[in-house]
2 protein chains.
Amino acid sequence: MARTAGSHSDITGPRVRQAALRLFARQGYAAVSMRQIASEVGVQAGALYNYTPDKQSLLFDLMQAHMRDVLGAVPDPKGRSAMDQLEDFVRFHIAFHFGRPDEVFIAYMELRNLTPENFEVIEKQRKLYESHLEQILDNGVSAGAFAVQDPKIATFAVIAMLTGINTWFREGGRLSLEAVQDQYWHMVRTAVGA
Amino acid sequence: MARTAGSHSDITGPRVRQAALRLFARQGYAAVSMRQIASEVGVQAGALYNYTPDKQSLLFDLMQAHMRDVLGAVPDPKGRSAMDQLEDFVRFHIAFHFGRPDEVFIAYMELRNLTPENFEVIEKQRKLYESHLEQILDNGVSAGAFAVQDPKIATFAVIAMLTGINTWFREGGRLSLEAVQDQYWHMVRTAVGA
DNA sequence: CTTGGTTCTGAACAAATGTTCAGTTAAATC
DNA sequence: GATTTAACTGAACATTTGTTCAGAACCAAG
């Protein structure tokens with residue numbers, strides 16, 4: 001046998017995904033060319049096709065990996081009160097998304113650039129995440145811990161509010177992650193009438 | 001003199017802007033071609049250049065017109081209590097954005113596809129709108145009507161929450177505009193600790 | 001040093017892009 | 001009916017696009 005499989009590919013491969021992530025987040029999928037990605041990696045455009053069958057898969061894989069990470073990290077609500085479950089979720093969402101601004105940006109800005117089949121897959125995962133929060137609210141309402149008229153709407157409102165953080169929050173700003181978590185948790189808690 | 005200026009252009013002109021609006025909102029600026037817009041209007045691509053100097057201006061004009069409309073319609077806070085001002089703003093935002101889903105979508109999804117000069121113009125108007133809300137919150141805090149720790153953050157949170165409505169609300173759904181306004185106003189009111 | 005196989009280059013491909021423009025069409029005025 | 005001019009066509013342009021592929025370069029094992 002000769003050179004073992006992926007002797008360079010385990011270096012170049014991640015760099016390709018990383019470059020695609022950066023560029024897609026900054027300029028948008030449709031505005032980024034394969035040559036641009038290749039140039040950022042320091043390679044010719046043709047070489048990218050050792051690591052992805054096509055441009056679309058590059059986007060899809062990035063989104064899928066992100067959704068897998070998110071869903072795998074959602075805090076387990078078992079044995080926690082409704083209020084604690086909600087607090088866990090809010091703090092988790094902020095902290096998790098805080099360290100992945102590019103992934104988050106792509107995950108909800110580039111949905112329309114997915115092929116219909118790929119879109120269906122990602123959308124299913126997105127709804128799974130939302131249903132986590134909806135479950136918490138539903139249960140809390142039943143238990144009398146929350147006072148929301150429509151848990152579905154409250155879910156949308158909370159998610160939109162939390163995800164919006166990424167549009168303005170930058171590391172090294174005047175506020176720490178903990179301060180942001182505290183303030184948003186306060187707003188969410190009062191908004192659900194607790 | 002002959003044919004008066006714009007004898008057709010006052011028909012085709014708006015149709016060009018309308019087609020661009022629709023397509024930009026659905027597929028994104030970068031993914032839409034001039035030929036696609038022309039085809040929707042029922043005209044050849046070259047004819048579009050009677051109505052816009054280039055593709056970028058088409059996007060910029062749409063965003064600018066929207067921002068002008070929004071800023072011109074913000075309710076006047078004069079002579080209203082802090083609480084009423086906030087309620088006015090929340091209900092206005094929902095109602096106004098409700099009738100213009102495409103414009104809203106473009107206005108915050110296509111910012112990165114503006115040239116730097118155009119971006120600066122739009123961004124200035126966007127911040128002007130946000131500062132309306134921030135003023136209301138600031139004044140309300142001073143008057144003791146609200147209890148928010150940081151009005152700047154509360155501003156972002158409320159705007160994100162309200163703008164998020166456009167991602168799920170469709171006319172003819174199970175909820176009326178008024179019902180949505182009521183529920184969001186309830187959440188905002190409690191979130192600012194009133 | 002030879003061999004075998006992975007990784008990349010560099011050129012090529014057809015298709016699509018934004019934009020220009022000479023020329024055709026058609027309507028309003030005289 | 002002749003003239004004038006706005007509105008549009010249709011072809012052309014230089015670039016850029018995603019993708020393919022033969023061959024060079026390179027490295028590790030025998």
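Since this is a predicted model, take the numbers as computed values, not measurements. Chain letters run A, B, ... following the sequence lines, proteins first and then strands; every chain starts at 1.
For the pair B/R15 and B/V41, the tightest heavy-atom approach, listed with the atom from each and the gap, is NH2-O, 3.1 Å. Residues B/M161 and A/A160 approach most closely at CA-CB, 4.2 Å, considering heavy atoms. The minimum heavy-atom distance between A/L111 and A/F119, with the atom names listed, is O-CD1, 3.5 Å.
Taking only side-chain nitrogens and oxygens, A/S33 comes nearer than 4.0 Å to OP1 or OP2 of D/dT17. Look at A/Y51 and you'll find a side-chain N or O under 4.0 angstrom from OP1 or OP2 of C/dC8. OP1 or OP2 of C/dC8 sits under 4.0 Å from a side-chain N or O of A/T12.
B/D102 pairs in a salt bridge (charged side-chain N to carboxylate O under 4.0 Å, His left out) with only one of the listed residues (B/R22, B/R17, B/R26), which is B/R26.
Using a 4.5 Å cut-off on side-chain heavy atoms (C-beta onward), A/R189 and A/M83 make contact.
Distance A/L48 CG to C/dT7 P: 14 Å, rounded to the nearest Å. Per the geometry, CD1 belonging to B/I11 stands 13 Å off C1' belonging to C/dA27, to the nearest Å. Nucleotide C/dC8 holds its P atom 18 Å from the CZ atom of A/R35, rounded to whole Å.
Annotation: the span from B/Y29 atom OH to B/M109 atom CE amounts to 15.5 Å, rounded to 0.5 Å.
Comparing atom distances between the A/V43 side chain and each of C/dC8, D/dC8, D/dA12 picks out C/dC8 as nearest. Considering only the side chain of A/Q44, C/dT9 comes nearest among C/dT19, C/dT9, D/dC8. Comparing C/dT19, D/dT17, C/dT7 by their nearest atom to the side chain of B/Y49 picks out C/dT19. For A/M34, the side-chain atoms get nearest to D/dG18 when compared with the rest of D/dG18, C/dT17, C/dC8.
Residue-level contact check: A/V32 touches the backbone only, with heavy atoms under 4.0 Å from sugar-phosphate atoms and none from bases.
Annotation: proximity of residues 54-61 of chain A to DNA chain D (heavy atom, distance under 4.0 Å) is found for A/D54, A/K55, numbered in ascending order.
Residues B/A45 and A/A31 both approach DNA chain D. Their nearest nucleotides, taken by heavy-atom distance, put B/A45 toward the 5′ side.
Using a 3.5 Å distance cut-off with no hydrogens or angles, the side chains of B/S142 and B/N139 do not pair a donor with an acceptor.
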